[in-house]
There are 2 protein chains.
Amino acid sequence: MKKIGELSKVTGCSVQTIRHYEKEHLIASAERSEGNFRLYDESAVERLLFIKHCRSLDLSLPEIRQLLALNRSPGSQCDDVNRMMDRHIEQVETRIQELTKLNEQLRMLRRSCTNRRTVEQCGILRNLSATSVSIG
Amino acid sequence: MKKIGELSKVTGCSVQTIRHYEKEHLIASAERSEGNFRLYDESAVERLLFIKHCRSLDLSLPEIRQLLALNRSPGSQCDDVNRMMDRHIEQVETRIQELTKLNEQLRMLRRSCTNRRTVEQCGILRNLSATSVSIG
DNA sequence: TATAAACTCTATAATAACAATAGAGTCAAC
DNA sequence: GTTGACTCTATTGTTATTATAGAGTTTATA
Ligand SMILES: [Zn+2]
Ligand SMILES: [Zn+2]
Ligand SMILES: [Zn+2]
Ligand SMILES: [Zn+2]
């Protein structure tokens with residue numbers, strides 16, 4: 001049985017994060033030692049790695065909770081999982097589009113300054129001050 | 001002179017947001033009426049639109065504060081503005097790359113489920129459970 | 001054995017940029 | 001004079017952690 005510090009090392013999740021996941025019911029309340037220290041077995045490692053994998057895909061804690069719940073009822077259909085994934089993918093793609101557009105605007109704005117000028121003449125600030133959002 | 005509600009309508013910033021910007025010193029403390037209502041003139045409109053424009057480019061409030069400060073000392077060089085913009089652009093591009101990679105992984109993961117299966121056989125959950133982060 | 005170092009515990013606050021609410025006060029119209 | 005729309009301040013919530021504070025536990029060393 002590992003204490004929380006070792007679990008942290010093994011999984012790469014910080015100690016506070018592990019406690020946080022417990023409070024949020026993503027992992028079960030751990031057994032306690034006589035001195036009230038949390039004790040974990042291998043299943044805790046697996047579960048934490050599952051969560052970490054999900055987080056690396058930007059899935060939210062509620063989404064992960066849902067996946068874990070589905071995982072516990074292995075007989076159910078996986079439509080719910082699919083719907084969630086589809087929604088999540090859509091959000092990510094929307095965000096990519098937003099940022100791409102943003103990036104174009106920022107680069108255009110950046111080109112409007114050629115250094116060696118004073119702020120008074122700075123194209124960046126002038127453009128930002130313009131009431132219209134368009135930059136060209 | 002406008003009260004905060006009208007300023008909100010004109011600029012498209014919510015009333016709370018305007019108060020928030022005041023607290024964060026992005027806009028000056030407004031004059032007050034006898035009844036202690038905030039009163040704004042046209043310069044407040046301009047400044048709020050400037051801020052809104054910056055926010056639409058995902059510039060942070062501290063970054064905007066910096067731009068506003070530079071705007072007030074028009075004789076200074078604009079190297080600082082440029083450095084900030086460059087850093088900001090870099091961050092946006094990094095985030096785009098991250099999300100693009102994420103999106104590929106999510107789509108791959110999504111393909112591993114073909115519906116009509118039970119959760120037990122679900123490729124998504126199986127892949128998420130795999131210790132390795134790779135999905136293929 | 002005493003003590004110090006390293007670890008753990010709970011509870012609370014901070015992060016970013018607001019949104020939402022509570023409870024009270026102001027103002028205009030009817 | 002009372003309704004309704006508006007405003008005020010102050011507080012809390014949002015997300016997923018991170019960072020404290022202050023106290024207790026365990027392990028290693030002098
Ligand atoms: Zn999601
Ligand atoms: Zn410039
Ligand atoms: Zn930035
Ligand atoms: Zn499936």
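Within every chain, numbering begins at 1; the chains are lettered A, B, ... in the order of the sequence lines, protein sequences first and strands thereafter. Values below: all heavy atoms of this structure, side chains included; hydrogens, waters and symmetry mates excluded.
Checked by atom type and distance alone, the side chain of B/H88 never pairs as donor or acceptor with a backbone atom of A/L106 at under 3.5 Å.
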Heteroatom pairs (N/O) under 3.5 angstrom, protein to nucleotides 28-30 of chain C:
none

Filtered N/O pairs between nucleotides 15-18 of chain C and protein, under 3.5 Å:
| unit_1 | atom_1 | unit_2 | atom_2 | d |
| --- | --- | --- | --- | --- |
| C/dA17 | OP1 | B/L61 | N | 3.2 |
| C/dC18 | OP2 | B/Y21 | OH | 2.8 |
| C/dC18 | OP2 | B/R55 | NE | 3.0 |

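Through direct or indirect side-chain contacts shorter than 4.5 Å among Ile, Leu, Val, Met, Phe, Trp and Tyr, A/M1 is connected to A/L39. Grouping Ile, Leu, Val, Met, Phe, Trp and Tyr by side-chain contacts under 4.5 Å, direct or through others, leaves A/F37 on its own.
Defining each end axis of the helix from C/dT1-D/dA30 to C/dC30-D/dG1 as the rotation carrying four pairs' C1' atoms onto the next four, with five pairs an end, the two axes are found to diverge by 40° to 10 degrees.
Looking at heavy atoms from C-beta onward, B/C54 lies in side-chain contact with B/L67 at the 4.5 angstrom threshold.
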Intermediate values then yes/no, side-chain contact (heavy atoms from CB on, under 4.5 Å), A/L99 and B/D58: CA-CA 9 Å; A/L99 286 179; B/D58 249 13; 4.3 Å; yes
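Atom pair A/K9:NZ and C/dA6:P shows a separation of 12 Å (rounding to whole Å applied).
Applying the side-chain hydrogen bond (donor to acceptor under 3.5 Å, both in side chains) test to B/T100 and every residue at least two apart in sequence or in another chain returns nothing. In this structure A/S33 satisfies the side-chain hydrogen bond (donor to acceptor under 3.5 Å, both in side chains) test with no other residue, sequence neighbours excluded. For the side-chain contact (heavy atoms from CB on, under 4.5 Å) test, residues two or more places apart in sequence or in another chain that qualify with B/E98 are B/T94, B/R95.
The salt bridge (Lys or Arg N to Asp or Glu O under 4.0 Å) analysis of residues 81-93 of chain A, with sequence neighbours excluded, yields the pairs A/D80-A/R83, A/D86-B/R110, A/E93-B/R107. Pairs engaging residues 18-28 of chain B under the side-chain hydrogen bond (donor to acceptor under 3.5 Å, both in side chains) rule: B/E22-B/R38 [sequence neighbours left out]. Listed by first and then second residue, the salt bridge (Lys or Arg N to Asp or Glu O under 4.0 Å) pairs involving residues 1-11 of chain B are B/K2-B/E42 (not counting sequence neighbours).
To the nearest 0.5 Å, the span separating SG on B/C13 from NZ on B/K52 amounts to 5.5 Å.
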Counting primed atoms plus P, OP1 and OP2 as sugar-phosphate and everything else as base, spell out the protein contacts along nucleotides 7-13 of chain D at 4.0 Å heavy-atom distance: B, S or - for each nucleotide, 5' to 3'. SBB----
